[in-house]
Structures are given as structure tokens and as C-alpha cells.
Amino acid sequence: GSGDGQGQILQRFPEKDWEDNPFPQGIELFCQPSGWQLFPERNPPTFFVAVLTDINSERHYCACFTFWEAVESAQPQSHSRNGDGEEEEEESASPIQPAQLFAPKSLVLVSRLDHAEVFRNSLGLIYTIYVDGLSVSLENVIGNLLTCTIPITGGAQ
């Protein structure tokens, strides 16, 4: 009812933890430090990078790209009251439409490398594919972003 909520992880890559790089617990709390709240208007996307340090003093750079998606309010609209405390009837015959609210959605990239501009560009590409509804599998996009060929020193390209 207050517009506050809890974040939840909808999808992650890889789906299972890697032994040397486990998935950060509580990342959904980190993405929205001021809480998961609904807003009456769509806010512009935001991007930030923070550094998390694990129990072994290893640094993990967490890039967070947040955008807002429209959701419908489940709350019925309240009728206005006149000065006598009585409800006034709406003059229009159309049903009252629920107010549109916007919920935050975050894309997060966690890395041991400090490359904020690469993170911003990668998350921006994923966001664009998602928003434009392109028929490209996110698994393929992420696989292509994470895969690179490093030539052998002095060898053929």
C-alpha cells in the first residue's frame, strides 16, 4: 500500500555460482540503496559503480543500471469528499482508471575488473535490446559480450 517493496532477482548469468567467484548475496538490496519504491512518473535511467569487498578482501566492482517500468496500481481510487464529509459522486460515466505507477528494474554486472565505461556500454546495450523488444536471446548477447579472443604473443592474429 505504501509503494515500498522488496527487490527480487528475476534472472542471472551464470545460473550457478562459480567456485572462485560466488554470486553476491543481497545484491537486490545494493541495487536500490534507498529502497524499492514506486514512483508516479518515469524517472530517467541511472548508472553507478560501487566496490564490494568480500571476506578475503577481494574487490568486486558492481555496475548497476536502473530504469523504470510502468506497473498498474492495485489500489482503488478514493472518491473526493465535500466539506460535509460526504463522498461526492463523479460526474463522468466512465469508470475510474487506476493511477499508473513506475517500478525500478536494475541490470547489474559484477566483475573483479575495474572498467566502468565498458560496464556502462554493456548494460546500455542489454537495456536497449530489452526496451526495443528485439528478438535476440539475452543469453547470446551476454555470451558475446563476455567472450573475446586474445592472440598469442608473436603469433598469428
Side-chain angles (χ1 to χ4, degrees), residues 1-78 96-157:
S2 67
D4 292 333
Q6 275 189 298
Q8 71 182 90
I9 298 167
L10 301 177
Q11 194 172 16
R12 67 173 259 197
F13 301 98
E15 292 181 0
K16 297 187 188 224
D17 284 354
W18 290 345
E19 186 177 315
D20 64 335
N21 197 10
F23 190 75
Q25 296 301 311
I27 195 81
E28 65 278 6
L29 300 172
F30 159 78
C31 294
Q32 291 294 313
S34 58
W36 292 90
Q37 301 170 357
L38 299 176
F39 291 89
E41 68 276 339
R42 185 184 311 265
N43 292 327
T46 60
F47 174 81
F48 68 89
V49 177
V51 180
L52 302 179
T53 306
D54 66 17
I55 196 165
N56 298 324
S57 298
E58 297 278 340
R59 290 182 173 202
H60 300 271
Y61 298 90
C62 297
C64 185
F65 183 95
T66 300
F67 58 99
W68 279 259
E69 286 190 316
V71 294
E72 286 191 19
S73 173
Q75 293 180 340
Q77 292 287 322
S78 60
I96 297 173
Q97 296 295 320
Q100 187 170 37
L101 297 173
F102 297 89
K105 187 172 245 185
S106 297
L107 301 171
V108 181
L109 191 150
V110 180
S111 174
R112 289 191 180 169
L113 305 175
D114 182 11
H115 296 292
E117 204 56 37
V118 172
F119 300 157
R120 178 191 303 264
N121 292 339
S122 299
L123 293 174
L125 176 64
I126 294 168
Y127 167 72
T128 300
I129 291 168
Y130 176 77
V131 169
D132 290 348
L134 300 178
S135 60
V136 177
S137 136
L138 283 179
E139 290 87 351
N140 287 339
V141 172
I142 292 168
N144 288 331
L145 287 171
L146 297 176
T147 303
C148 66
T149 304
I150 302 172
I152 299 171
T153 305
Q157 290 291 327

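Atom set for the values below is all heavy atoms of this structure, side chains included, hydrogens, waters and symmetry mates excluded. Everything numeric in this text was worked out from a predicted model, so none of it was measured.
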- Task: Let me see the working for I126 and L145 under side chain to side chain contact (heavy atoms under 4.5 Å, CB included), right down to the final yes or no.
- Result: CA-CA 10 Å; I126 294 168; L145 287 171; 4.1 Å; yes
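- Pairs passing the side-chain hydrogen bond (donor to acceptor under 3.5 Å, both in side chains) check and including a residue from residues 116-132, sequence neighbours excluded, read E69-Y130, K105-Y130.
- Contact detail for Y61 and R112: the closest heavy-atom pair is CE1-O, 3.5 Å.
- For A116, the side-chain contact (heavy atoms from CB on, under 4.5 Å) partners are V49, not counting sequence neighbours.
- Within a 6.0 Å sphere centred on CD of Q11, heavy atoms belonging to other residues, nucleotides or ligands number more than 12.
- Within 6.0 Å of atom CZ in R59, 12 or fewer heavy atoms from other residues, nucleotides or ligands are found, so the atom counts as exposed in its surroundings.
- For the pair W36 (side chain) and E28 (backbone), a donor-acceptor distance under 3.5 Å is present.
- Within the model, atoms CZ of F65 and CG of L109 stand 12.5 Å from one another, a figure rounded to the nearest 0.5 Å.
- The OG1 atom of T66 lies 10.5 Å from the CG atom of N43; values are rounded to the nearest 0.5 Å.
- Considering all non-hydrogen atoms of both residues, D17 and R12 come closest at OD1-NH2, 2.7 Å.
- Looking at every heavy atom in both residues, L38 comes nearest to V71 through CD2-CG2, 4.0 Å.
- Taking both residues in full, the closest heavy atoms of S106 and C31 are given as OG-CB, 3.8 Å, listed atom of the first, atom of the second, then distance.
- The minimum heavy-atom distance linking P40 with L101 is given by the pair CA-CD2, 4.0 Å.
- Between the N56 side chain and the E58 main chain, no donor and acceptor come within less than 3.5 Å of each other.
- Between A63 and F47, the shortest heavy-atom distance links the atoms CB-CE1, 3.8 Å.
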